[in-house]
Amino acid sequence: MAAIKAKDQPPGGDTFASRAKRVIRKIPRGKVATYGQIAALAGNHRAARQVVRILHSSSDKDRLPWHRVINSKGGISLARGQGYELQRAMLRQEGIRFQDNDLIDLDRFQWVPRRIRI
DNA sequence: AACCTGACTTCGG
DNA sequence: TCCGAAGCCAGGT
């Protein structure tokens, strides 16, 4: 029996990556979440850059709604010609509006997962 | 084992 | 309000 390397842990495990993916999958249509927000919900508020890595490595493979992830300013981080246009189109298609400054109004479109009810 | 890198974020001037 | 610097994390080289 070959030992399971820490590297290939089963999906749905309890690694930051698996949790982050689950969080991303929960972002509803018509809403967006920031990298930092995902990181925080996945358990590490300082791992925004990890979220980026995850999107790079598995957004396609795991069919993640990668387009719903944007930066803290409410903007698309992908460069023009490098996915920017596609992401913007996909978001608009879900009803998300871009302001004149090309940013999304987070107060309106940011996903706010319900947790505690006061 | 250093060093580099990235679809980030925060903070100070 | 805008911009640069610094902080952060982990996978790849």
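Sequence lines set the chain letters: A, B, ... in the order given, protein chains first and strands last, and positions in each chain run from 1.
- Within 6.0 Å of CG on A:Asp60 lie no more than 12 heavy atoms contributed by other residues, nucleotides or ligands.
- Remark: A:Ser77 engages A:Asn71 in a side-chain hydrogen bond (donor to acceptor under 3.5 Å, both in side chains) (not counting sequence neighbours).
- Taking atom CG on A:Leu55 and atom P on C:dG11, their separation rounds to 15 Å, with Å as the unit.
- Within residues 87-105 of chain A, no residue has any heavy atom under 4.0 Å from DNA chain B.
- When side chains are defined from C-beta on, A:Leu78 counts as touching A:Trp66, because their heavy atoms get closer than 4.5 Å.
- As a whole-Å value, the separation of A:Leu106 CG from B:dC8 P is 15 Å.
- Of the possible polar contacts, one joining the A:Arg19 side chain to the A:Asp14 backbone as a donor-acceptor pair under 3.5 Å is found.
- For A:Gln110, the side-chain contact (heavy atoms from CB on, under 4.5 Å) criterion is met by A:Thr34, A:Gln37, A:Leu106, not counting sequence neighbours.
- Contact check for A:Ile24 versus A:Leu55: side-chain heavy atoms found under the 4.5 Å cut-off.
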**Request:** Take A:Asp102 and A:Tyr84 through the test side-chain contact (heavy atoms from CB on, under 4.5 Å) and record every step on the way to the result.
**Result:** CA-CA 11 Å; A:Asp102 288 328; A:Tyr84 177 93; 4.0 Å; yes

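- For A:Asp62, the side-chain contact (heavy atoms from CB on, under 4.5 Å) partners are A:Lys21, A:Arg25, A:Ser58, A:Leu64, not counting sequence neighbours.
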Could you list the donor-acceptor pairs under 3.5 angstrom formed between side-chain atoms of residues 42-51 of chain A and any protein atom two or more places apart in sequence or on another chain?
from	atom 1	to	atom 2	distance (Å)
A:Asn44	OD1	A:Arg46	N	3.0

**Asked** For every nucleotide of nucleotides 5-10 of chain C, 5' to 3': is a protein heavy atom under 4.0 Å from its base (B), only from its sugar-phosphate (S), or from neither (-)?
**Response** --BBBB

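- Partners of A:Asp105 according to the side-chain hydrogen bond (donor to acceptor under 3.5 Å, both in side chains) rule, which considers only residues two or more places apart in sequence or in another chain, do not exist here.
- Closest non-hydrogen pair, A:Ile54 versus A:Ala17, comes out as CD1-CA, 3.5 Å.
- Against DNA chain C, the stretch residues 60-68 of chain A makes no heavy-atom approach under 4.0 Å.
- Residues meeting the salt bridge (Lys or Arg N to Asp or Glu O under 4.0 Å) test with A:Arg53, sequence neighbours left out: none.
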Are any protein N/O atoms closer than 3.5 Å to N/O atoms in nucleotides 9-13 of chain B? If there are, list each pair with its distance.
from	atom 1	to	atom 2	distance (Å)
B:dT9	OP1	A:Tyr35	N	3.4
B:dT9	OP1	A:Gly36	N	3.0
B:dT9	OP2	A:Ser72	N	2.7
B:dT9	OP2	A:Ser72	OG	3.4

Identify every side-chain donor-acceptor pair in residues 91-98 of chain A under 3.5 Å, counting partners at least two apart or on other chains, and give the distances.
from	atom 1	to	atom 2	distance (Å)
A:Glu94	OE1	A:Gly30	N	3.1
A:Glu94	OE1	A:Arg68	NE	3.0
A:Glu94	OE2	A:His67	NE2	2.9
A:Glu94	OE2	A:Arg68	NE	3.2
A:Glu94	OE2	A:Arg68	NH2	2.7

